[in-house]
Participant: 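Sharing a structure, written as C-alpha cells. Questions coming.
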Amino acid sequence: QLQLVASGGGLVQPGGSLRLSCAASGFTLDYYAIGWFRQAPGKEREEISCISSSGDSTKYVSSVKGRFTTSRDNAKNTVYLQMNSLKPEDTAVYYCAKGPSRLCVGGYDYWGQGTQVTVSS
C-alpha cells in the first residue's frame with residue numbers, strides 16, 4: 001500500500017523552527033517530485049513548496065521563501081521541510097504529496113496524512 005505520512009509538527013513560539021518529515025512506504029520517492037501543502041482553518045489548501053525527485057530543483061511560494069527549505073534523502077525514502085522564523089500565519093495542517101513525475105509540474109496524485117503546526121506565543 002502506498003503511504004505518505006507527514007510528521008514533526010507541534011507548538012512553537014514565533015521565530016522558532018520545526019523540521020517536518022514526509023516518510024513514504026509502499027513505494028520509493030526516487031522517481032517523484034514531492035510537494036508540501038498547508039491548510040489553515042477556513043482557508044483553501046495551498047501549495048507552499050516542491051522538490052524534484054533528485055533534489056536539484058525546488059520551488060517555494062513567496063510567503064515562505066527564505067524561511068522554509070525542502071530537501072530529501074532518497075536513501076531514507078524521506079523528504080524534509082525545514083521551517084525557520086515561523087510566524088503565527090504559518091499555523092496550519094501541513095501535508096506532503098506525491099507528484100506524477102520527477103519534476104515539479106503539479107498534478108499531485110496522492111496526499112498523505114497531515115501534521116499540525118501551531119505558531120503562537
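Just so you know, these numbers come straight off a predicted model, no measurement behind them.
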Participant: Report the distance from atom CD1 of I48 to atom CG of L81, rounding to the nearest 0.5 Å.
Facilitator: 5.5 Å
Participant: Return all side-chain donor-acceptor pairs below 3.5 angstrom for residues 9-36, not counting sequence neighbours, or 'none' if the list is empty.
Facilitator:
from : atom 1 : to  : atom 2 : distance (Å)
S17  : OG     : N84 : OD1    : 2.9
W36  : NE1    : T70 : OG1    : 3.3

Participant: With clusters built from Ile, Leu, Val, Met, Phe, Trp and Tyr whose side-chain heavy atoms come within less than 4.5 Å, directly or transitively, what are the remaining members of the cluster of V105, listed by chain and number?
Facilitator: L103
Participant: Apply side chain to side chain contact (heavy atoms under 4.5 Å, CB included) to residues V93 and T115 and explain how you reach the verdict.
Facilitator: CA-CA 5 Å; V93 177; T115 185; over 6 Å; no
Participant: At what distance, to the nearest 0.5 angstrom, does OG of S52 lie from CZ of R102?
Facilitator: 10.5 Å
Participant: So, for Y60 and T69, which heavy atoms are closest and what is the spacing to 0.1 Å?
Facilitator: OH-CA, 3.4 Å
Participant: With side chains defined as the heavy atoms from C-beta onward, is the minimum distance between K98 and D109 less than 4.5 Å?
Facilitator: yes
Participant: Please determine whether side chain to side chain contact (heavy atoms under 4.5 Å, CB included) holds for the pair K59 and I51, giving the CA-CA distance in whole Å, both sets of side-chain angles, and the decisive distance to 0.1 Å.
Facilitator: CA-CA 7 Å; K59 69 175 186 179; I51 184 168; over 6 Å; no
Participant: Would the number of heavy atoms belonging to other residues, nucleotides or ligands and lying under 6.0 Å from CD of Q113 be above 12?
Facilitator: no
Participant: Taking the side chain from R67 and the backbone from S85, do they hold a donor-acceptor pair closer than 3.5 Å?
Facilitator: yes
Participant: Using the rule side-chain contact (heavy atoms from CB on, under 4.5 Å), only one of T91, V119, V64, T118 pairs with L86; which is it?
Facilitator: V119
Participant: Keeping to residues at least two apart or across chains, list the ring pair (Phe, Tyr, Trp, His ring centres under 6.0 Å) pairs with something in residues 87-121.
Facilitator: F37-Y108, F37-W111
Participant: At what distance, to the nearest 0.5 angstrom, does CZ of R38 lie from CE of M83?
Facilitator: 9.0 Å
Participant: Before giving the answer on side chain to side chain contact (heavy atoms under 4.5 Å, CB included), spell out for N74 and K76 the whole-Å C-alpha distance, their side-chain angles and the decisive distance to 0.1 Å.
Facilitator: CA-CA 5 Å; N74 286 342; K76 296 181 178 179; over 6 Å; no
Participant: What about V117 and Y80, same hydrophobic cluster or not, with Ile/Leu/Val/Met/Phe/Trp/Tyr joined at side-chain heavy-atom distances under 4.5 Å?
Facilitator: no
Participant: Taking atom OG of S63 and atom NZ of K87, what is their separation to the nearest 0.5 Å?
Facilitator: 8.0 Å
